[in-house]
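FYI, side chains are in, hydrogens and waters are out, and symmetry mates aren't considered; it's all heavy atoms of this structure. For reference, positions follow the sequence shown, starting with 1.
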Amino acid sequence: TAFAIGGRGYLGLGSDSTGYRNDFWCYDPLTDAWSARAVFPGGARAGASSFVIGTRAYVFGGVDITGAELNDLWAYDPVSDSW
């Protein structure tokens, strides 16, 4: 899932050739650099959705590695880099 806050892009979760992921990354266009952010505490998943209200992002849903559908909601604060 991906979202933007404060002129920066954030990308995380999903799956790749090594399995399901729970990492998050921030892209800063001013420095043209990616940096690792706080690991998503809701567990590795694919198919999650996200939205932003004000200065916080919200990540919800998706499926875990067993294929179970998830219906949890997490808030992310980019200033404190915390979930």
Exercise answer: donor-acceptor pairs, residues 61-69 side-chain atoms, under 3.5 Å, sequence neighbours excluded:
from, atom 1, to, atom 2, distance (Å)
Asp64, OD1, Thr66, N, 2.9
Asp64, OD1, Thr66, OG1, 2.6
Asp64, OD1, Gly67, N, 3.2
Asp64, OD1, Ala68, N, 3.1
Thr66, OG1, Ala68, N, 3.4

Might you work through the side chain to side chain contact (heavy atoms under 4.5 Å, CB included) test for Asp32 and Tyr27, ending with a clear yes or no? CA-CA 7 Å; Asp32 190 26; Tyr27 176 73; 2.6 Å; yes

Can you measure from CZ (Phe3) to CG (Leu11) and round to the nearest 0.5 angstrom? 9.0 Å

How long is the span from the OG atom in Ser35 to the OH atom in Tyr10, to the nearest 0.5 Å? 7.5 Å

More than 12 heavy atoms of other residues, nucleotides or ligands under 6.0 Å from CG of Asp16: is that the case? yes

Restricting to ring pair (Phe, Tyr, Trp, His ring centres under 6.0 Å), what partner residues turn up for Trp25, sequence neighbours left out? none

Closest heavy-atom pair and its distance - [X], [Y]:
| X | Y | value |
| --- | --- | --- |
| Gly42 | Trp74 | CA-CZ2, 3.4 Å |
| Asp81 | Ala38 | OD1-N, 2.9 Å |
| Arg45 | Leu70 | CZ-CD1, 3.4 Å |
| Pro78 | Thr55 | CD-O, 3.2 Å |
| Ser50 | Ala2 | OG-O, 3.0 Å |
| Leu13 | Gly43 | CD2-O, 4.4 Å |

Are Leu73 and Ile53 grouped together when hydrophobic residues (ILVMFWY) are joined by side-chain heavy atoms under 4.5 angstrom apart? yes

Path from Trp83 to Val52 over hydrophobic side-chain contacts below 4.5 Å: yes

Parallel, tilted or perpendicular: ring planes of Phe24 versus Phe40, cut at 30 and 60 degrees: tilted

Are Phe51 and Phe60 an aromatic pair by the rule of ring centers under 6.0 Å? yes

